[in-house]
Amino acid sequence: MRGERPISRLEALRFARRVVAQQAAAALAQLDGWIAAEERREAEQRRGEEMRPAPPDWLIQYGLNRGNVDAVHAGGCWSATKSGRCRPATREQALEALRRQVPACVHRRPDSALGVLD
């Protein structure tokens, strides 16, 4: 270390400032990357929601053997989605099922919504 002079306090502070500035720039770049990724994720989610078809107005729940009809549900009924045995139906199909004495869901009362009284 002959001939080398020690750095001054001012030089050390300027060096420290450059290091902090580099670290801050790197941290900001990383945050910007995370923000861009989150914006892409949210945009993809919005596109997916926009492209999702509207839920059906009426659902018919089939039995385990898919041969018999167990119930008529209004679209979006939480109990219909739990069974996994429901298929979309038109208004006419739902009315016909109710006329054939298929029970209406007790939660959303599609028979009342369709104007069919018990």
Side-chain angles (χ1 to χ4, degrees):
M1 289 237 236
R2 266 187 218 169
E4 291 184 24
R5 64 174 182 84
I7 62 171
S8 71
R9 182 174 167 85
L10 183 57
E11 290 173 325
L13 289 171
R14 284 186 178 144
F15 175 76
R17 186 187 186 290
R18 284 194 308 272
V19 169
V20 169
Q22 285 177 331
Q23 290 174 341
L28 285 174
Q30 185 177 34
L31 280 172
D32 289 343
W34 291 342
I35 290 169
E38 185 64 19
E39 287 172 343
R40 281 191 303 273
R41 189 193 66 76
E42 286 182 1
E44 289 171 4
Q45 186 176 7
R46 274 192 307 276
R47 275 194 305 275
E49 289 170 0
E50 290 168 359
M51 294 179 70
R52 182 177 297 137
D57 291 332
W58 311 105
L59 298 166
I60 294 182
Q61 179 178 335
Y62 291 90
L64 292 175
N65 65 1
R66 304 268 190 223
N68 57 332
V69 178
D70 286 348
V72 176
H73 296 273
C77 179
W78 63 269
S79 69
T81 57
K82 287 178 70 173
S83 76
R85 298 188 319 257
C86 292
R87 298 289 175 256
T90 64
R91 177 181 175 83
E92 292 73 31
Q93 290 170 325
L95 281 169
E96 181 59 30
L98 291 170
R99 287 187 192 114
R100 287 185 288 136
Q101 303 301 313
V102 173
C105 172
V106 296
H107 302 289
R108 298 281 305 269
R109 299 305 305 186
D111 51 348
S112 298
L114 288 166
V116 177
L117 300 174
D118 290 335

Closest heavy-atom pair and its distance - H73, C105: ND1-CB, 3.2 Å

Could you walk me through whether Q45 and E49 pass side-chain contact (heavy atoms from CB on, under 4.5 Å), step by step? CA-CA 6 Å; Q45 186 176 7; E49 289 170 0; 3.7 Å; yes

Stepwise, does the side-chain contact (heavy atoms from CB on, under 4.5 Å) test hold for Y62 with D70? CA-CA 5 Å; Y62 291 90; D70 286 348; over 6 Å; no

A104 and L98: which non-hydrogen atoms are nearest, and at how many Å? CB-CD2, 3.8 Å

Show the nearest heavy-atom pair for residues A97 and V72, with the distance to one decimal. CB-CG2, 3.6 Å

Derivation and outcome, side-chain contact (heavy atoms from CB on, under 4.5 Å), residues W58 and Q93: CA-CA 9 Å; W58 311 105; Q93 290 170 325; over 6 Å; no

Quick check: closest heavy atoms across I7 and A12, and the distance to 0.1 Å? CD1-CB, 3.9 Å

From the options E38, E44, E39, select the one residue that forms a side chain to side chain donor-acceptor pair (under 3.5 Å) with R41. E38

Can you confirm whether Q22 sits close enough to R18 that some side-chain heavy atom of one is under 4.5 Å from a side-chain heavy atom of the other? no

